[in-house]
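Both backbone and side-chain heavy atoms feed into the values below; hydrogens, waters and symmetry mates do not. Residue numbers run from 1 in the order of the sequence given.
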Amino acid sequence: MSKYTSFPEPTEDPNPFQDPAVTQHSSNTGYATLDLYNPFDNSTAPPPPYEATSPSAQPVPAQTPPSRTTPTEPRNYGSYTSQTAVNATTAELLRKQEELEKKARELERRERELESHSLGTGASRQNNWPPLPSFCPVGPCFYQDINVEITQHFQRTVTIMYYFWMFCTCGLLFNLISSLANFCVNTSGGVGLGLAILWALLFTPCSFVCWYRPMYKAFRSDSSFNFFVFFFVFFAQVVVSVIMTIGIPGWGFSGWIVSLAALSYSVAVGAIMMMNALLFTAQAAIGVFMLKKVHSMYRQTDASFQKAQAEFATEVMSNQAVRQAATSAATSAAQGAFTTPR
């Protein structure tokens, strides 16, 4: 065993702490400690100096400015109940704002109406319908301004009736065209063409004067007499529209009977006349609907038959021509009574 193992001599007293490798590093604090020193490294170069590592700084997140809510945007305070209340309050404020705007428009309309009445029958009350060009020798016959003279509650109905009158006028003009087309292929329809021209020239102004203007004046001044005139004449208008829709041969109306008969000798003319029959059908249906609507609105007003009688008597007696005629008739009767021989 002594052959393979050698022990130091007793005279040798090695001090492990005096080892040059230990003393060299124990007195130098500029080098790394045991956590970086490898004693099994055989390199003769000195170990690297110790560098203290500082903890890495955490990145600072970028701060974004808080979003500001608009004045009309409700803020969310984290409660569903409070958010619902805020939404309800916003809807209520919007509704009140719409009501205020509507009242402002009504006041503005009333103000314009008062100004027009205060100025009298001057330049502001000049007739403006029909809108004729300035070079025309005939001027407008009526003054019409729905936004000024009609109450806002009835403006929509009066406007619809005005468009309905225009629709009836267009139907009469188209009836004239279809009757002319029928006369071109069938010369025996000359009577229908002549009557179509007569109806277009007669019904267009008469319908405006006889039922549209009374309806306009009835809603303008709440006139019972004009309401009754409108109901009587417009009912006759609806009856005539039904007759137009039927299309009796020889009456000058391109209704269904005449249109179906025209298909036998000309498909093109029959198609044109059937389009006219559709217009007359729509005219009759709209007329019945608007008659019922105006009657329902009439019942919401203070109009009555007694007021209509009183208005009629007042208007008749206030008419200068009627009073002159009555005076002259009474004078003639009195003179005749005194000059008769006894």
Do N147 and Q152 pass the side-chain contact (heavy atoms from CB on, under 4.5 Å) test, and can you show the C-alpha distance, the side-chain angles, and the key distance before you say yes or no? CA-CA 7 Å; N147 295 326; Q152 188 176 5; over 6 Å; no
I'd like to know whether Y143 forms a side-chain contact (heavy atoms from CB on, under 4.5 Å) with Q126, so could you lay out the CA-CA distance, the side-chain angles of the two residues, the decisive distance to 0.1 Å, and finally the verdict. CA-CA 6 Å; Y143 176 80; Q126 288 182 351; over 6 Å; no
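V158 is not listed as a side-chain neighbour of Y162, based on a closest heavy-atom distance of 4.5 Å or more. Counting heavy atoms from C-beta on, the side chains of V258 and I248 never come closer than 4.5 Å. For the pair M244 and W199, the minimum side-chain heavy-atom distance is 4.5 Å or more. Using a 4.5 Å cut-off on side-chain heavy atoms (C-beta onward), Y216 and I150 make contact. The shortest distance between side-chain heavy atoms of N276 and F253 does not fall below 4.5 Å. Looking only at side-chain heavy atoms (C-beta outward), S207 and C168 stay at 4.5 Å or farther from each other.
When the side chains of ILVMFWY residues are joined at heavy-atom separations under 4.5 Å, either directly or via intervening members, F203 and W211 end up in a single hydrophobic cluster. Hydrophobic clustering (ILVMFWY, side-chain heavy atoms < 4.5 Å, transitive): M166 and L202 are in one cluster. Hydrophobic cluster membership is shared by F164 and F280, with clusters built from Ile, Leu, Val, Met, Phe, Trp and Tyr side chains linked at under 4.5 angstrom. By the criterion of side-chain heavy atoms lying less than 4.5 angstrom apart, applied directly or through intervening Ile, Leu, Val, Met, Phe, Trp or Tyr residues, I177 is not grouped with L198; the two fall into different hydrophobic clusters. Neither L278 nor L173 shares a network with the other; the hydrophobic side chains, linked directly or stepwise wherever heavy atoms of I, L, V, M, F, W or Y lie under 4.5 Å apart, form separate groups for each.
Separating the CZ atom in F154 from the CE atom in M215 is a distance of 12.0 Å, to the nearest 0.5 Å. For the atom pair CZ of R156 and CE of M297, the computed distance is 10.5 Å after rounding to the nearest 0.5 Å. Taking CD1 of I197 as the reference point, atom OG of S179 lies at 8.5 Å (rounded to 0.5 Å). Note that OG1 of T245 and CG of L279 are 10.0 Å apart. Values are rounded to the nearest 0.5 Å. Within the model, atoms CG of L94 and OG1 of T89 stand 11.0 Å from one another, a figure rounded to the nearest 0.5 Å. Interatomic distance, N182 CG to N175 CG, rounded to the nearest 0.5 Å: 10.5 Å.
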Do any side-chain atoms of residues 230-243 form donor-acceptor pairs under 3.5 angstrom with protein atoms, and if so which ones, sequence neighbours left out?
residue	atom	partner	partner atom	Å
S241	OG	Q237	O	2.9
S241	OG	Q283	NE2	3.0

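The minimum heavy-atom distance linking S254 with S178 is given by the pair OG-OG, 2.8 Å. For the pair V294 and M161, the tightest heavy-atom approach, listed with the atom from each and the gap, is CG2-SD, 4.5 Å. The nearest pair of heavy atoms linking Q144 to E149 is CA-OE1, 4.4 Å. A262 approaches V269 most closely through the heavy-atom pair CB-CG1, 4.5 Å. For K293 against I160, the heavy-atom pair with the smallest separation is NZ-CD1, 4.2 Å. Of all heavy-atom pairs between F167 and A282, the closest is CZ-CB, 4.2 Å.
The pair R95-E99 meets the salt-bridge criterion, since a charged nitrogen lies less than 4.0 angstrom from a carboxylate oxygen.
Between the side chains of W256 and T281, at least one donor N or O lies within less than 3.5 Å of an accepting N or O.
The aromatic rings of F227 and F219 lie perpendicular to each other, with more than 60° between the two planes, well past the 30° mark. Aromatic ring pairs are classed by plane angle as parallel below 30°, tilted from 30° to 60° and perpendicular above 60°; the pair W129 and W165 is perpendicular.
Within 6.0 Å of the OH atom in Y163, the count of heavy atoms belonging to other residues, nucleotides or ligands does not exceed 12. Other residues, nucleotides and ligands contribute at most 12 non-hydrogen atoms within 6.0 Å of the CZ atom of F289.
In this structure, S264 contributes its side chain and A261 its backbone to a donor-acceptor pair below 3.5 Å.
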